[in-house]
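To start, the structure itself, in structure tokens.
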Amino acid sequence: MSPASAAASGPEEQGPTLKLIVEKGPLSGQSFCFGPGSRVQIGRVVRGNSISIKDAGISSKHVLIQFGPNLDSDTAPNCCQWTITDLASSNGTILNDTQLEPSEPSVLSDGDVVKIGELTSIIVKFDVTGCKGEDNIGKTRRNPRRGAAGRGQRMVELMAIDEDSELGLGFKDKLGDMAGNGKDVLEPSSVVFSGSNSVDQSEADLCIS
């Protein structure tokens, strides 16, 4: 199981579903959903992280969000909650305009805003209905436009090749390839094309022979 596929460790861990909405940054517009018991690590690289964000100011392993026992066990010993911890990142983590202390977990609340790196801003939402209808449940969704653009570019290139073939472009290059393979080829000036009304001297010699 990959780190992105965080699962609850037991039936006793019940609570709201975590939804992270990327408001600003490279993943702007995307959202991610995680159930209670999840361990969500965010960083710049793919390996080892639940969410990878290509923001130059984000460390390879930047911040950890997880569901666990209440930090204030004296008042609510049997409760669990979502917390966020900065993993001693280079540029730190800001929660609602307050910079977090490295390795010190802080409780998350619905509507909190987490800022990391140079550009990235993430809104925290809690949902008691779960991850139903969500596309990104512990994984990053591919951009369909990028794939469509690539297919469109390849189609244009193929059309250009077909057009060049019809116009006879690239004919000398093809002859050069044949010659390089040890095949006997005729120079284009020595070839008689059907329907031609005139031929040069080399063409006449070719016809006679």
Side-chain angles (χ1 to χ4, degrees), residues 1-55 57-72 76 78-87 89 91-147:
M1 178 180 296
S2 64
S5 303
S9 60
E12 72 279 359
E13 291 182 317
Q14 298 180 357
T17 295
L18 171 69
K19 188 174 184 180
L20 301 176
I21 304 172
V22 184
E23 181 184 26
K24 298 178 182 178
L27 299 184
S28 176
Q30 294 197 36
S31 61
F32 303 85
C33 188
F34 299 90
S38 298
R39 184 180 186 276
V40 185
Q41 186 166 292
I42 303 175
R44 190 182 67 257
V45 300
V46 174
R47 186 172 182 178
N49 291 311
S50 308
I51 303 176
S52 172
I53 305 178
K54 300 299 182 181
D55 184 324
I58 295 179
S59 297
S60 58
K61 296 180 180 180
H62 195 104
V63 68
L64 174 66
I65 299 175
Q66 60 185 344
F67 188 79
N70 198 325
L71 295 180
D72 188 359
N78 297 323
C79 292
C80 292
Q81 58 192 180
W82 287 99
T83 61
I84 182 171
T85 305
D86 180 83
L87 300 176
S89 62
N91 297 311
T93 301
I94 298 177
L95 176 63
N96 299 327
D97 298 326
T98 300
Q99 183 150 349
L100 299 180
E101 292 293 331
S103 304
E104 292 286 338
S106 298
V107 178
L108 285 174
S109 300
D110 187 74
D112 282 350
V113 178
V114 178
K115 295 181 180 179
I116 55 178
E118 298 179 356
L119 305 169
T120 302
S121 177
I122 302 173
I123 299 176
V124 177
K125 299 293 291 183
F126 293 138
D127 191 348
V128 296
T129 62
C131 295
K132 294 180 180 180
E134 291 292 332
D135 292 329
N136 296 338
I137 303 177
K139 62 182 180 180
T140 303
R141 178 174 52 191
R142 292 179 179 272
N143 187 342
R145 294 183 179 180
R146 181 177 299 175

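This structure is a prediction, so every number in the text was calculated from the model and none was measured.
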Which pairs would a plain distance check flag for residues 111-125, meaning a side-chain donor or acceptor within less than 3.5 Å of a matching protein atom at least two apart in sequence or in another chain?
residue : atom : partner : partner atom : Å
D112    : OD1  : N96     : ND2          : 2.8
D112    : OD2  : S109    : N            : 2.7
T120    : OG1  : D55     : OD2          : 3.0
S121    : OG   : E23     : OE1          : 3.3
K125    : NZ   : D110    : OD2          : 3.4

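Of all heavy-atom pairs between S50 and R39, the closest is OG-O, 3.5 Å. Closest non-hydrogen pair, F126 versus P16, comes out as CB-CB, 3.8 Å.
A donor-acceptor pair is defined here as one N or O able to donate and one able to accept, closer than 3.5 Å; no such pair exists between the side chain of S60 and the backbone of R44. A donor-acceptor contact shorter than 3.5 Å is absent between the side chain of W82 and the backbone of P36. In this structure, Q99 contributes its side chain and G92 its backbone to no donor-acceptor pair below 3.5 Å.
With no hydrogens or angles considered, no side-chain donor-acceptor pair links S52 and N49 at under 3.5 Å.
Under the side chain to side chain contact (heavy atoms under 4.5 Å, CB included) test applied with S31, the options V22, I21, L20 reduce to a single match, I21.
To the nearest 0.5 angstrom, I42 atom CD1 is 4.5 Å from I51 atom CD1. Note that the CG atom of L108 and the CD1 atom of I65 stand 5.5 Å from one another [nearest 0.5 Å]. For the atom pair CD1 (I58) and OG (S89), the distance works out to 9.5 Å, reported to the nearest 0.5 Å.
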Worked verdict on F67 versus C80 for side chain to side chain contact (heavy atoms under 4.5 Å, CB included): CA-CA 7 Å; F67 188 79; C80 292; 3.3 Å; yes

Criterion side chain to side chain contact (heavy atoms under 4.5 Å, CB included) on I84 and L95, from CA distance to verdict: CA-CA 9 Å; I84 182 171; L95 176 63; 4.1 Å; yes

CA sep, side-chain torsions, deciding dist, call: T17, F34, side chain to side chain contact (heavy atoms under 4.5 Å, CB included): CA-CA 6 Å; T17 295; F34 299 90; 5.9 Å; no

As a quick check of understanding, evaluate side chain to side chain contact (heavy atoms under 4.5 Å, CB included) for F32 and L27, giving each step before the final call. CA-CA 11 Å; F32 303 85; L27 299 184; 4.1 Å; yes

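Taking the side chain as every heavy atom from C-beta outward, H62 and T93 approach each other to under 4.5 Å. A heavy-atom distance below 4.5 Å is found between the side chains of L87 and Q41.
For N91, there are no side-chain hydrogen bond (donor to acceptor under 3.5 Å, both in side chains) partners, not counting sequence neighbours. Scanning for side chain to side chain contact (heavy atoms under 4.5 Å, CB included) contacts around T85 gives P105, with sequence neighbours left out.
Applying the salt bridge (charged side-chain N to carboxylate O under 4.0 Å, His left out) test to every pair with at least one member in residues 92-107, sequence neighbours left out, gives no pairs at all.
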